[in-house]
Amino acid sequence: EQLEQQMTVLNHLSYALKNREISVDLQPKVDLRTGEIQSIEALARWNSPTLGFVSPGVFIPVAENAGKVREIDLQVLEHVLKWLLKRKRADKYLVKVAVNISPDHFYHPHFVNTIVELLRKYEIDPNYIILEVTENIGLVDFQTALMIIQKLNSYGFKTSVDDFGMGFSSLSYLQKLPFAELKIDRSFINGIEEAGTLAIVRSIIQLALN
């Protein structure tokens, strides 16, 4: 049943990307002390005319396996840039928006230029975009990853590690790659009432501060 579901999703995904069915939900990241929105996270959503709502927990892994996740990332980024431009033209307050970027992008030589050109097209300063990569960035060649992240930083982008604490060894690349932010995986936050989990969360926060 799971395999059949994945094949059905894959069969509709190419059509969905061609017809730009991927939409975006914006989730605020709030300072718990002040209530101030510090940034916003862009979440990919897919409401298929045929399949109905498809969970990102289903279609993102399928897209990754099929080599289509880059297209999703770029469509999400474009949605965000259109939203920011609309606010800019209405003279409304702009806030930083975090967009997921798959490590697949790091294998494409024109990745940084593609991102920069998109921002120029929509007249948005890179300071308003946070690029979040998952921990499997550890699979990318270190020198390549370092060069790309340094280049992104030089343009003014902030880079962030999503789902920190899960998957591949974090510390092995954290000391070498200049990320600006760590996002602690929600499994730790959900279990924060447990003494052992709380100790891990405190350690990650201390690590980030250091």
Side-chain angles (χ1 to χ4, degrees), residues 12-49 51-57 59-60 63-64 68-106 108-134 137 147-163 178-183 186:
H12 286 83
L13 189 57
S14 296
Y15 184 85
L17 289 168
K18 182 180 177 181
N19 289 278
R20 304 187 75 84
E21 292 174 9
I22 303 299
S23 61
V24 172
D25 279 358
L26 298 174
Q27 177 173 276
K29 293 193 274 188
V30 179
D31 187 324
L32 295 178
R33 294 164 296 187
T34 65
E36 178 187 2
I37 295 176
Q38 299 223 321
S39 61
I40 289 175
E41 183 170 6
L43 305 173
R45 294 291 181 262
W46 179 22
N47 275 300
S48 166
L51 305 177
F53 177 77
V54 185
S55 166
F59 76 80
I60 294 295
E64 288 174 338
K68 296 183 182 298
V69 73
R70 289 179 61 251
E71 291 180 66
I72 293 176
D73 292 344
L74 292 174
Q75 287 194 17
V76 167
L77 177 59
E78 199 157 6
H79 275 297
V80 167
L81 294 174
K82 286 178 181 176
W83 179 75
L84 286 171
L85 179 59
K86 186 177 178 181
R87 291 185 64 84
K88 181 180 176 181
R89 287 178 173 170
D91 203 26
K92 292 183 177 180
Y93 177 71
L94 297 187
V95 65
K96 293 180 181 179
V97 183
V99 178
N100 285 326
I101 291 294
S102 164
D104 286 12
H105 290 276
F106 285 64
H108 290 260
H110 304 299
F111 162 50
V112 176
N113 290 339
T114 300
I115 298 287
V116 170
E117 285 304 313
L118 259 180
L119 267 73
R120 284 176 180 162
K121 176 182 174 182
Y122 290 100
E123 305 166 19
I124 300 300
D125 192 300
N127 285 311
Y128 289 110
I129 298 297
I130 303 168
L131 299 174
E132 293 185 354
V133 295
T134 54
I137 185 67
M147 180 185 68
I148 289 173
I149 291 172
Q150 285 177 333
K151 195 171 180 181
L152 288 169
N153 289 348
S154 72
Y155 278 106
F157 293 100
K158 291 285 188 295
T159 50
S160 172
V161 182
D162 201 3
D163 302 332
F179 291 109
E181 179 184 79
L182 302 182
K183 285 184 64 187
R186 66 181 298 173

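We number each residue from 1, following the sequence as shown.
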Residues that [X] engages under ring-ring contact (aromatic ring centres under 6.0 Å, His included), provided they are two or more places apart:
{"X": "F59", "answer": "W46"}
{"X": "Y128", "answer": "none"}
{"X": "H105", "answer": "F111"}

Pairs flagged by salt bridge (Lys or Arg N to Asp or Glu O under 4.0 Å) wherever residues 37-49 is involved - sequence neighbours left out: D25-R45, E41-K183

Sequence neighbours excluded, every pair satisfying salt bridge (Lys or Arg N to Asp or Glu O under 4.0 Å) that has a member inside residues 69-81: R20-E78, E78-K121

Distance-minimising heavy-atom pair for V80 and A42: CG2-CB, 3.5 Å

Distance-minimising heavy-atom pair for G156 and N127: O-OD1, 3.2 Å

E36: salt bridge (charged side-chain N to carboxylate O under 4.0 Å, His left out) partners, not counting sequence neighbours: none

Sequence-distant partners of K86, salt bridge (charged side-chain N to carboxylate O under 4.0 Å, His left out), two or more places apart: none

Sequence neighbours excluded, which residues qualify as side chain to side chain donor-acceptor pair (under 3.5 Å) partners of [X]?
{"X": "R120", "value": "E117"}
{"X": "S14", "value": "K68"}
{"X": "N19", "value": "none"}

Derivation and outcome, side chain to side chain contact (heavy atoms under 4.5 Å, CB included), residues V116 and L152: CA-CA 9 Å; V116 170; L152 288 169; 6.0 Å; no

I124 CD1 to K82 NZ distance, which is reported to the nearest 0.5 Å: 13.0 Å

From CG (L26) to CH2 (W83), nearest 0.5 Å: 5.5 Å

Can you give each donor-acceptor pair under 3.5 Å made by side-chain atoms of residues 88-104, sequence neighbours left out, with the distance rounded to 0.1 Å?
{"unit_1": "K88", "atom_1": "NZ", "unit_2": "E123", "atom_2": "O", "d": "2.5"}
{"unit_1": "S102", "atom_1": "OG", "unit_2": "D104", "atom_2": "N", "d": "3.0"}

Please examine the side chains of [Y] and [X], heavy atoms only from C-beta on, and report whether any two atoms are closer than 4.5 Å.
{"X": "V24", "Y": "L43", "result": "no"}
{"X": "L119", "Y": "F157", "result": "yes"}
{"X": "S39", "Y": "I130", "result": "yes"}
{"X": "I115", "Y": "L74", "result": "yes"}

Side chain to side chain contact (heavy atoms under 4.5 Å, CB included) assessment of L131 paired with V133: CA-CA 7 Å; L131 299 174; V133 295; 5.8 Å; no

Audit row: F179, I149, side chain to side chain contact (heavy atoms under 4.5 Å, CB included) steps and yes/no: CA-CA 8 Å; F179 291 109; I149 291 172; 3.5 Å; yes

Residue pairs, two or more places apart or on separate chains, that pass side chain to side chain donor-acceptor pair (under 3.5 Å) and touch residues 148-161: S160-E181

